[in-house]
Amino acid sequence: MIEDDMSTPSDAQESWIASFCGLMGHEYFAEVSEDFIEDDFNLTGLQAHVPMYKEALEMILDVEPEDDEEEEEEEEDDDDNESALGEHGQKPVGERRHHSRMASDLSVIESSAELLYGLIHQRFICSRVGIQQMSEKFELGHFGTCPRTNCEQSRTLPIGLSDNPGEDTVKLFCPSCLDVYVPPNSRFQTVDGAFFGRTFGALFLMTFPEFDLTKRGIEVVTHSSAKLSADEPVVNGMYTKNIAPGLGPKHTYNPRIYGFKVSERARSGPRMRWLRDRPDDLNELNEARIYHEQHPDSDDDDAAMALSGRLAVRRRPPGNARLRQRQEQNGSPMAMSTNGGEAEL
């Protein structure tokens, strides 16, 4: 029987990025595309934070480093035979130390590659391609659910409390109760939170406002079925349905003794309950609209902002225009002093 020596596709070597994301505890990571890493603009400023930056980047991209050992061997062959061998035919101590140093350098490069990939990952998930990849993982529930009972297993997002590596581990942000939790599994508590950063969570909610955050547990969350209707009320650019759906009177624990509520003044009464409050009428959060109703003589920009529910930048008039407005309001002419300040005539 003739054996088939042809290699199968499964024999192909796995890339460093795929193997890193496949490790236990790295389920939150997205696979950064090599095109993103090869763009020098995306790596700006990272060289100062990563030791052995060039070698770490070559390891991430699976680029074989330049092998200078052959040149060194040729130079050694040109030397005398006495320098090549010791008295007992063994290699000199200096050469053995050289090989041990190379082994230690390899471990440093490996740790530097993990650090560099994490910092690149922080920037990648905030890009258009990266945040789309994270949205697919969010739909499938790869980031887990909120441990809070009243959130009813709403999906969470991985975030970091700091953008600097080595300060804190990764945390889970719940859009339902707007709180941050420690991952329930200990294998995630060794992942650096800087690899996700502080920007991703809020940027995700702004990028995908059509997600229905009221979905719970195993309910499917997709762009097509979870899109909210155009008639859904909007407050400050957010659908009212998605503004902290896990908070409010029906989602707050009320301590009771024999069916009677415990007073807040009691020693065992609830504390900091205002953190879980949510207004019954979410239009109270639309401060722009309320301000326009109370001040109908405000600028047109404020009126457009109040009607649309979107945040608009209020631009101040130029200096001369502001001066003329103050002259009309005060009824007294103003003059400019020699040093550029205002002085009454």
Side-chain angles (χ1 to χ4, degrees), residues 25 27-28 137-162 167-191 193 196-206 208-209 211-221 226 228 232-287 289-290 309:
E27 290 82 359
Y28 295 164
K137 297 172 74 68
F138 175 78
E139 294 174 8
L140 299 175
H142 289 182
F143 305 133
T145 59
C146 180
R148 183 170 173 266
T149 301
N150 290 323
C151 282
E152 300 175 359
Q153 295 184 349
S154 61
R155 288 171 173 82
T156 56
L157 294 169
I159 64 168
L161 300 181
S162 175
E167 293 187 1
D168 206 345
T169 58
V170 65
K171 300 294 186 293
L172 295 178
F173 168 68
C174 176
S176 180
C177 63
L178 305 180
D179 213 339
V180 179
Y181 301 91
V182 176
N185 200 313
S186 60
R187 68 171 179 263
F188 298 112
Q189 297 177 11
T190 58
V191 179
F196 297 89
R198 298 176 296 178
T199 304
F200 169 68
L203 183 63
F204 183 90
L205 298 179
M206 296 174 63
F208 303 103
F211 274 130
D212 190 356
L213 301 181
T214 61
K215 297 292 183 180
R216 297 292 186 265
I218 60 175
E219 296 177 354
V220 180
V221 179
L228 302 176
E232 186 73 22
V234 178
V235 174
N236 298 331
M238 286 285 294
Y239 291 106
T240 56
K241 191 175 183 179
N242 287 337
I243 299 178
L247 301 182
K250 297 181 181 179
H251 301 277
T252 304
Y253 173 72
N254 295 317
R256 294 175 179 269
I257 296 180
Y258 298 114
F260 297 97
K261 292 183 179 180
V262 178
S263 174
E264 295 183 359
R265 298 182 180 181
R267 181 178 300 177
S268 60
R271 297 291 184 269
M272 309 295 288
R273 186 175 177 179
W274 58 273
L275 291 174
R276 301 294 184 186
D277 286 343
R278 182 173 183 262
D280 296 332
D281 185 9
L282 292 181
N283 289 324
E284 298 178 5
L285 301 177
N286 196 345
E287 299 178 357
R289 183 185 296 273
I290 296 174

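Quick note: residue numbers are just sequence positions, from 1. Because the structure is a prediction, the values reported are computed rather than measured.
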*Asks:* To the nearest 0.5 Å, tell me how far T169 OG1 sits from L161 CG.
*Replies:*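 The CG atom of L161 is 8.0 Å from OG1 of T169, to the nearest 0.5 Å.
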*Asks:* First locate atom OH of Y239, then atom CG of L213, and finally report the distance between them rounded to the nearest 0.5 Å.
*Replies:*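 Reported value, rounded in 0.5 Å steps: 12.0 Å.
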*Asks:* Atom CD1 in I159, atom CG in D168: separation rounded to 0.5 Å?
*Replies:*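 Those atoms lie 10.0 Å apart.
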*Asks:* Apply salt bridge (Lys or Arg N to Asp or Glu O under 4.0 Å) to K137 and E27, showing your working.
*Replies:* CA-CA 10 Å; K137 297 172 74 68; E27 290 82 359; over 6 Å; no
*Asks:* Do you know which two heavy atoms are closest between D212 and K241, and how far apart they sit?
*Replies:*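 Looking at all heavy atoms of both residues, the shortest contact is OD2-NZ, 3.5 Å.
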*Asks:* Closest approach of T145 and Q153, non-hydrogen atoms and distance?
*Replies:*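 Distance-wise, the nearest heavy atoms are CG2-O, 3.5 Å.
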*Asks:* What orientation do Y28 and F188 show, parallel under 30°, tilted 30 to 60°, or perpendicular over 60°?
*Replies:*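 Ring orientation, 0 to 90° scale: parallel.
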*Asks:* Apply side-chain contact (heavy atoms from CB on, under 4.5 Å) to residues R148 and S154 and explain how you reach the verdict.
*Replies:* CA-CA 9 Å; R148 183 170 173 266; S154 61; over 6 Å; no
*Asks:* Output the distance between atom CG (L157) and atom CZ (F143), rounded to the nearest 0.5 Å.
*Replies:*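 Going from CG on L157 over to CZ on F143, the span is 6.5 Å.
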*Asks:* Without swapping roles, check the side chain of T190 against the backbone of R187 for a donor-acceptor pair under 3.5 Å.
*Replies:*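 Side chain of T190 to backbone of R187: a pair is present.
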*Asks:* What orientation do F211 and F204 show, parallel under 30°, tilted 30 to 60°, or perpendicular over 60°?
*Replies:*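 Rings of F211 and F204: parallel, as their planes differ by under 30°.
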*Asks:* Between OG1 of T252 and CZ of R278, what distance do you get to the nearest 0.5 Å?
*Replies:*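 Interatomic distance, T252 OG1 to R278 CZ, rounded to 0.5 Å: 11.0 Å.
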*Asks:* Going by heavy atoms in the side chains, are L172 and P183 under 4.5 Å from each other?
*Replies:*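 Yes, side chains in contact.
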*Asks:* Quick one: closest heavy-atom pair of P175 and R155, and the distance?
*Replies:*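 That closest heavy-atom pairing would be CD-O, 3.3 Å.
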*Asks:* side-chain contact (heavy atoms from CB on, under 4.5 Å), that's the test. Do V182 and K171 meet it? Break it down for me.
*Replies:* CA-CA 5 Å; V182 176; K171 300 294 186 293; 4.0 Å; yes
*Asks:* Show the nearest heavy-atom pair for residues G25 and V191, with the distance to one decimal.
*Replies:*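 Taking every non-hydrogen atom into account, O-CG2, 3.3 Å.
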*Asks:* Taking the ring of F138 and the ring of F208, is the distance between their centroids below 6.0 Å?
*Replies:*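 Between F138 and F208, which both carry aromatic rings, the centre distance is not below 6.0 Å.
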*Asks:* Of the non-hydrogen atoms in H251 and N150, which two are nearest, and what is the gap between them?
*Replies:*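 Heavy atoms only, the tightest pair is O-ND2, 3.1 Å.
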*Asks:* Rounded to the nearest 0.5 Å, what separates atom CG in D277 from atom CG in L247?
*Replies:*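 With rounding to 0.5 Å, CG (D277) is 8.5 Å from CG (L247).
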*Asks:* Applying side-chain contact (heavy atoms from CB on, under 4.5 Å), run through C177 and C146 and close with a yes or a no.
*Replies:* CA-CA 9 Å; C177 63; C146 180; 4.1 Å; yes
*Asks:* Is there a side-chain contact (heavy atoms from CB on, under 4.5 Å) between L178 and F173? Walk through the geometry before answering.
*Replies:* CA-CA 7 Å; L178 305 180; F173 168 68; 4.1 Å; yes
